[in-house]
Structures are given as structure tokens and as C-alpha cells.
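Notes follow the structure.
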There are 2 protein chains.
Amino acid sequence: MAPGTRDALIEAAADLLDRGGVEAVTLRAVGHQVGVSHNAPYKHFANKEALLAAIAAREATRLVTAPHGEDTPEAALRRTMHDYVTWALEHPARFRLVFGPWTTESPELAAAAHAAHTRLIGTVAAAQRSGVLPTGDPERAASLVRALAHGAADLALAGHLAADGKGHADPHQLIDDLLDHLRTATAATRPAHGGGQEGR
Amino acid sequence: MAPGTRDALIEAAADLLDRGGVEAVTLRAVGHQVGVSHNAPYKHFANKEALLAAIAAREATRLVTAPHGEDTPEAALRRTMHDYVTWALEHPARFRLVFGPWTTESPELAAAAHAAHTRLIGTVAAAQRSGVLPTGDPERAASLVRALAHGAADLALAGHLAADGKGHADPHQLIDDLLDHLRTATAATRPAHGGGQEGR
DNA sequence: ACCTGAACACCGTTCAAGT
DNA sequence: ACCTGAACACCGTTCAAGT
């Protein structure tokens with residue numbers, strides 16, 4: 001498998017990223033941690049941004065590859081969104097790297113993001129069919145749910161959510177609030193035929 | 001009024017920020033644009049972050065100070081959220097500065113943010129009373145609406161919303177979608193008594 | 001009270017060499 | 001094919017002076 005200094009560079013950079021944020025990942029520190037000179041990375045990546053993009057691609061691929069237990073459509077959607085903010089809160093720097101603006105075009109990163117997007121649309125479409133999400137373009141509904149989770153996570157990370165420290169607006173609560181309201185709205189516009197799924 | 005090089009520094013920094021993002025605002029460039037040495041800013045700000053915080057505070061104050069026309073509660077809420085994303089899309093760097101993580105404590109910035117938060121809660125509470133938003137803690141409902149607008153703006157700025165270029169998920173559309181759904185959900189849980197407000 | 005010039009430590013990036 | 005050392009341009013920040 002060869003020594004694989006390229007993987008070692010990514011690993012070291014990800015470690016520095018988790019430990020001190022994106023400002024802590026410097027080519028000199030990365031090289032030092034791997035035991036290599038500070039410009040050795042240029043033999044494996046075009047520049048620093050390409051290295052960061054490689055971290056983002058690795059992380060995004062892992063997220064998409066992670067197994068999803070089989071649940072009812074609504075539970076699957078809820079868990080997907082909760083997992084999203086849980087991951088964001090645990091790994092702020094990775095979150096910003098993957099879902100922030102991309103300065104470098106990375107085919108793997110784009111592919112992973114597209115796969116995640118496609119899977120979410122499928123989950124949303126299933127939830128729509130089971131009557132817990134309003135009908136309409138599944139992509140549009142997916143964007144709605146995704147935008148809320150993203151905004152809740154981003155505001156929480158920035159410290160702009162719980163204004164009075166009373167825990168008034170936990171990101172997880174906001175996700176449940178949204179899905180509850182959407183289910184209520186869906187039930188209202190549907191011709192009442194029993195009350196939807198009560199499958200446990 | 002004195003020459004006011006402090007204000008000139010803020011103005012120049014904001015100009016550089018709009019033009020080339022936060023990475024373009026360098027103390028040397030700021031000083032040069034004002035016609036002063038590159039360490040003159042240290043006579044007015046503790047460091048670079050304090051200068052950026054001053055920009056954020058000025059911007060946040062302007063946002064809160066901006067006049068709000070008098071509308072029906074629902075229209076006021078809708079306009080507030082649309083204005084939020086319009087501003088974010090027009091001034092991405094300012095948006096990230098004001099609503100991103102604060103690295104420096106700025107009393108003015110905190111005060112402006114608190115004022116904006118308080119006003120939004122008032123708008124939300126009025127919308128709740130008029131029956132277009134679900135009842136419950138106004139702060140919680142405000143956070144829901146705010147998180148969606150923030151997430152939609154942030155994803156759009158990062159280029160992660162319109163996946164297929166078909167304009168499937170415009171941030172403004174998502175805001176209207178959310179408020180439409182919330183109104184529907186509210187009408188459903190309310191004892192029907194005519195259909196809510198049709199006040200013009 | 002405000003500003004300057006030189007200096008320091010730290011970056012990303014390039015390049016001529018080395019194996 | 002991969003790596004090194006020196007060098008360059010650019011940062012934020014500090015400090016001894018100047019007025």
C-alpha cells in the first residue's frame with residue numbers, strides 16, 4: 001500500500017482542524033506532524049485549499065456511506081436531520097468545511113454532496129407519501145427541511161440561538177417543531193381518512 | 001468633529017470587505033486606503049478583530065435602526081424575513097461577520113443583536129395572536145423562523161441550494177413555504193371560527 | 001493623543017537541487 | 001516520483017521614537 005504520506009497528510013490536517021479550527025491547519029504544522037518538510041504537501045496537493053477540500057471530501061463521503069437503519073419514513077427523516085445537527089455540533093470545523101463555500105472544485109466532494117442530496121430527497125418523498133409532509137416538489141420540501149437544520153446548527157455554533165441561556169431554542173427542538181408543524185399542516189389539507197399512520 | 005480617522009478606518013475596512021471578502025481586509029490595505037501607516041489602526045482598535053467587530057456593530061445597528069413600515073402582522077413577519085435574506089445575498093461578507101461566530105466581545109454588537117432579536121419576537125408574537133403562526137413560546141417560534149431564513153441564506157451563499165440550476169429552492173421561496181405551512185397548521189389546530197384574519 | 005518606521009514571527013508558495 | 005532547504009512576498013503585532 002506504500003507509506004501513503006498523502007493519507008497521512010490528510011489525517012494530520014483533519015486532526016489539526018478538529019483541535020484548533022481551520023486557522024490551526026497550516027502547511028508547516030501539517031508537515032511537522034507527519035514528519036516531513038513544510039512543502040512536501042505540494043507533491044500531493046496543488047495547494048492548501050486542495051488539502052482542505054480533500055478533508056471535506058473524505059468527511060462527506062463518510063457521512064453518505066454511514067448506514068441508515070430502516071425506520072418508518074417519518075422516523076427516518078427525523079433521525080437524518082437530528083444526526084445532521086449532532087454531527088455539526090460535535091465537529092464545527094468539519095461542518096463549515098463541508099457545507100461552507102467551496103473555493104476549490106473537488107469531484108469527490110461534489111459527488112458525495114450530490115449523493116447526500118439525492119438520498120435526502122428520497123427520504124422526504126417517502127415522508128410525503130406517508131402523509132407527514134406536505135405534497136409538492138420533493139426537492140423543494142427537502143430544501144426546506146435542510147435549510148432549517150443547517151440554520152439551526154449554524155446559529156447554535158455561532159452562539160446566536162439560546163439568547164438567555166434558558167435553552168429556549170435548541171437546534172434539535174427546532175427540527176422537531178418544524179416536522180410537527182409540517183405534519184399538522186399536511187393532515188389539515190388532506191381529506192381526513194382516519195388520522196394518518198399510527199404505526200408504532 | 002475632528003478628522004475622525006477611526007471612522008475612516010471602519011469605512012475603508014467595510015469597503016475592502018464588500019469588495020473582496022474578509023480575507024481582503026488587511027490592516028496594511030486599510031491603512032493605505034485611508035492614507036495612514038499600516039499600524040495606525042492600533043491607535044484606535046485593540047487589534048484586527050476589534051476593527052472587524054466595529055464593522056459588524058455598525059452594520060447590525062443600521063439593520064435594527066432601519067424603519068419598518070406598518071403592515072398586518074403576517075406581512076410584517078414575511079417582510080422581515082425576506083429583507084433578511086435579501087440583505088444576506090447582497091452583502092455576504094457583512095452577513096457572515098454579523099451572524100457568524102464573534103471572536104471579540106463587542107457591547108454595541110451584542111446590544112444591536114439583542115434589539116433585533118427582541119423586535120423579531122414581538123413581530124412573531126403579533127403573528128401568533130393574529131392566528132397565522134402556531135401558539136407557544138414566541139421566542140421559540142421566532143428561532144424557528146429565523147433558523148430557516150439563516151440556513152436558506154447561508155446555503156444559497158455557499159452555492160448548496162439550487163442543485164440543478166433549475167431554481168428549485170430559492171431562499172425567498174423557502175421562507176414563503178414555511179410561513180404558508182405554519183399558517184395552515186395554525187388554522188388546523190384552531191377551533192374554526194370563520195377562517196382567521198381577512199383584514200386587509 | 002496620535003502617528004511612523006523598523007523589526008519580529010509566522011504564513012503560503014516557488015524553485016533549484018537532491019535521491 | 002518524492003522530498004528538502006533557501007528564498008520571496010505577505011501577514012499581524014510590537015516597540016522605540018517622533019510631534
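Every chain is numbered from 1 and lettered A, B, ... according to where its sequence line falls, protein lines coming before strand lines. Hydrogens, waters and symmetry mates play no part in the numbers below; they use all other heavy atoms, side chains included.
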Check: How would you list, by chain and number, every residue that makes a salt bridge (Lys or Arg N to Asp or Glu O under 4.0 Å) with B:D71, sequence neighbours excluded?
Finding: B:R79

Item checked: Flag for A:D154-A:H160: side-chain donor and acceptor within less than 3.5 Å -> no

Check: Which string of ( ) [ ] | and . matches DNA chain D, if you list each base 5' to 3' and count Watson-Crick or G-U pairs only when both distances are under 3.5 Å?
Finding: ||.|||||...|||||.||

Margin query: What's the gap between C:dC2 and D:dA17 when it is taken at their C1' atoms, as a whole Å value?
Written below: 13 Å

Checklist line | Any residue meeting side chain to side chain contact (heavy atoms under 4.5 Å, CB included) with B:A29, in chain and number order, not counting sequence neighbours | finding: B:L16, B:T26

Check: Tell me: CZ of A:R6 to C1' of D:dA1, nearest whole Å?
Finding: 15 Å

Margin query: Which residues pass the side chain to side chain contact (heavy atoms under 4.5 Å, CB included) test with B:S37, not counting sequence neighbours?
Written below: B:N39, B:A40

Check: Of the nucleotides C:dC3, D:dG12, D:dT4, which has the atom closest to the B:Y42 side chain?
Finding: D:dG12

Check: If you look only at pairs with a residue in residues 49-59 of chain B, which of them pass as a salt bridge (charged side-chain N to carboxylate O under 4.0 Å, His left out), with sequence neighbours excluded?
Finding: B:E11-B:R58, B:E59-B:R94

Quick one: which protein N/O atoms are closer than 3.5 Å to N/O atoms of nucleotides 15-19 of chain D? Pair and distance per line, please.
none

Notebook entry, point to check: Among residues 14-31 of chain B, which residues get a heavy atom nearer than 4.0 Å to DNA chain C?
Noted result: B:R28

Check: By side chain to side chain contact (heavy atoms under 4.5 Å, CB included), which residues pair with A:A24, not counting sequence neighbours?
Finding: none

Checklist line | Selected nucleotide, minimal atom distance to B:K48 side chain, candidates C:dC2, C:dT4, D:dG12 | finding: D:dG12

Notebook entry, point to check: Using 4.0 Å as the upper bound for N to carboxylate O, is an ion pair formed by A:D180 and A:R78?
Noted result: yes

Next item on the list: Could you tell me whether B:H38 contacts a base, only the sugar-phosphate backbone, or nothing, with contacts defined as non-hydrogen atoms closer than 4.0 Å?
Entry: base

Next item on the list: For residues 140-150 of chain A, pull every pair meeting salt bridge (charged side-chain N to carboxylate O under 4.0 Å, His left out), keeping only residues two or more places apart or in separate chains.
Entry: A:R140-B:D177

Notebook entry, point to check: Can you name the side chain to side chain contact (heavy atoms under 4.5 Å, CB included) partners of B:L97, sequence neighbours left out?
Noted result: B:L17, B:L52, B:I55, B:A56

Checklist line | Partner set under side chain to side chain donor-acceptor pair (under 3.5 Å) for B:D15, not counting sequence neighbours | finding: B:R19, B:Q33

Check: Starting at NE2 of B:H32 and ending at P of D:dG12, how long is that distance when rounded to a whole Å?
Finding: 15 Å

Next item on the list: With sequence neighbours excluded, give me every salt bridge (charged side-chain N to carboxylate O under 4.0 Å, His left out) pair touching residues 104-124 of chain A.
Entry: none

Check: Can you tell me if the side-chain N/O atoms of B:T5 get under 4.0 Å from OP1 or OP2 in C:dC3?
Finding: yes

